[in-house]
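Since we're looking at a predicted model, the values are computed, not measured.
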Amino acid sequence: MAQRTGIKKQMNFNYAFVFYDVGEKRVQKVFKICKKYLSHFQYSVFRGEITPSKLIQLKGELNKIINIEEDFVCIIKLKNDNVFGEELLGKQDRQTGENLIL
């Protein structure tokens, strides 16, 4: 029987999805922060490969901008992009909104 040492193994995440719903005053700032670390997917959704240290930086920058009483940000962390399946329905050439935000 293996002995437990009580040491919790740190999980390293290499892929993330971020989606958010934030106040109008903060939308552009949150967009720019996410754009620094991930690829814009659609409207308020970003995804892509990210190192654990970059993920910490992303969360730190977002925490400085968002209002925790009003805003919502969700980060889904994955070990890599091979552990999920993606299926897109509907029109695929739809504009993402990235060109609408300066």
Side-chain angles (χ1 to χ4, degrees):
M1 178 179 260
Q3 183 178 0
R4 291 188 150 184
T5 60
I7 298 173
K8 190 174 180 181
K9 185 176 180 184
Q10 180 71 31
M11 292 202 49
N12 291 321
F13 298 99
N14 297 317
Y15 201 88
F17 286 90
V18 175
F19 51 94
Y20 57 88
D21 183 10
V22 299
E24 195 175 325
K25 296 178 198 172
R26 294 174 295 281
V27 168
Q28 191 169 8
K29 289 179 183 179
V30 169
F31 182 93
K32 286 181 180 182
I33 290 168
C34 291
K35 183 81 174 144
K36 285 175 27 181
Y37 297 96
L38 298 165
S39 298
H40 186 225
F41 187 58
Q42 187 192 32
Y43 299 113
S44 300
V45 179
F46 286 80
R47 69 178 182 174
E49 293 182 2
I50 190 167
T51 64
S53 61
K54 293 288 185 190
L55 183 59
I56 291 168
Q57 291 174 0
L58 169 63
K59 291 192 297 185
E61 287 187 46
L62 289 172
N63 275 319
K64 290 178 185 175
I65 298 300
I66 67 168
N67 178 329
I68 61 170
E69 301 294 323
E70 299 175 13
D71 299 333
F72 169 80
V73 176
C74 179
I75 301 172
I76 298 173
K77 303 172 282 188
L78 302 164
K79 295 287 274 175
N80 61 52
D81 61 353
N82 294 320
V83 296
F84 68 92
E86 180 176 76
E87 186 175 341
L88 303 174
L89 304 175
K91 190 173 180 181
Q92 303 302 309
D93 62 346
R94 185 173 179 191
Q95 292 208 359
T96 63
E98 184 173 37
N99 57 345
L100 302 176
I101 299 177
L102 302 175

Closest non-hydrogen atoms of Val73 and Leu62, given as atom of the first, atom of the second and distance, are CG1-CD1, 4.1 Å
Decide yes or no for Lys79 and Tyr15: does some side-chain heavy atom of the first lie under 4.5 Å from some side-chain heavy atom of the second? no
Determine whether Ile33 and Ile56 fall in the same hydrophobic cluster, where Ile, Leu, Val, Met, Phe, Trp and Tyr are linked whenever their side-chain heavy atoms lie under 4.5 Å apart. no
When you look at Phe46 and Phe31, which way does the ring-ring contact (aromatic ring centres under 6.0 Å, His included) test go after all the steps? CA-CA 9 Å; Phe46 286 80; Phe31 182 93; 5.3 Å; yes
Taking only residues two or more places apart in sequence, or in another chain, which ones meet Asp71 in a side chain to side chain donor-acceptor pair (under 3.5 Å)? Arg26
Contacts of Val45 meeting side chain to side chain contact (heavy atoms under 4.5 Å, CB included) (sequence neighbours excluded), chain-then-number -> Phe19, Phe41
Do the side chains of Val22 and Asn67 get nearer than 4.5 Å, heavy atoms only? no
Any side-chain heavy-atom pair of Asn14 and Glu49 under 4.5 Å: no
Over all atoms of both residues, closest heavy-atom pair of Gln42 and His40: C-NE2, 3.8 Å
4.5 Å side-chain heavy-atom contact, Glu61 and Tyr37: yes
Side chains of Tyr20 and Cys34: closer than 4.5 Å at any heavy-atom pair? yes
Does NZ in Lys36 sit with more than 12 non-hydrogen atoms of other residues, nucleotides or ligands closer than 6.0 Å? yes
Specify the closest pair of heavy atoms between Leu38 and Gly48, including all atoms of both residues, with the distance to one decimal. CD2-O, 3.5 Å
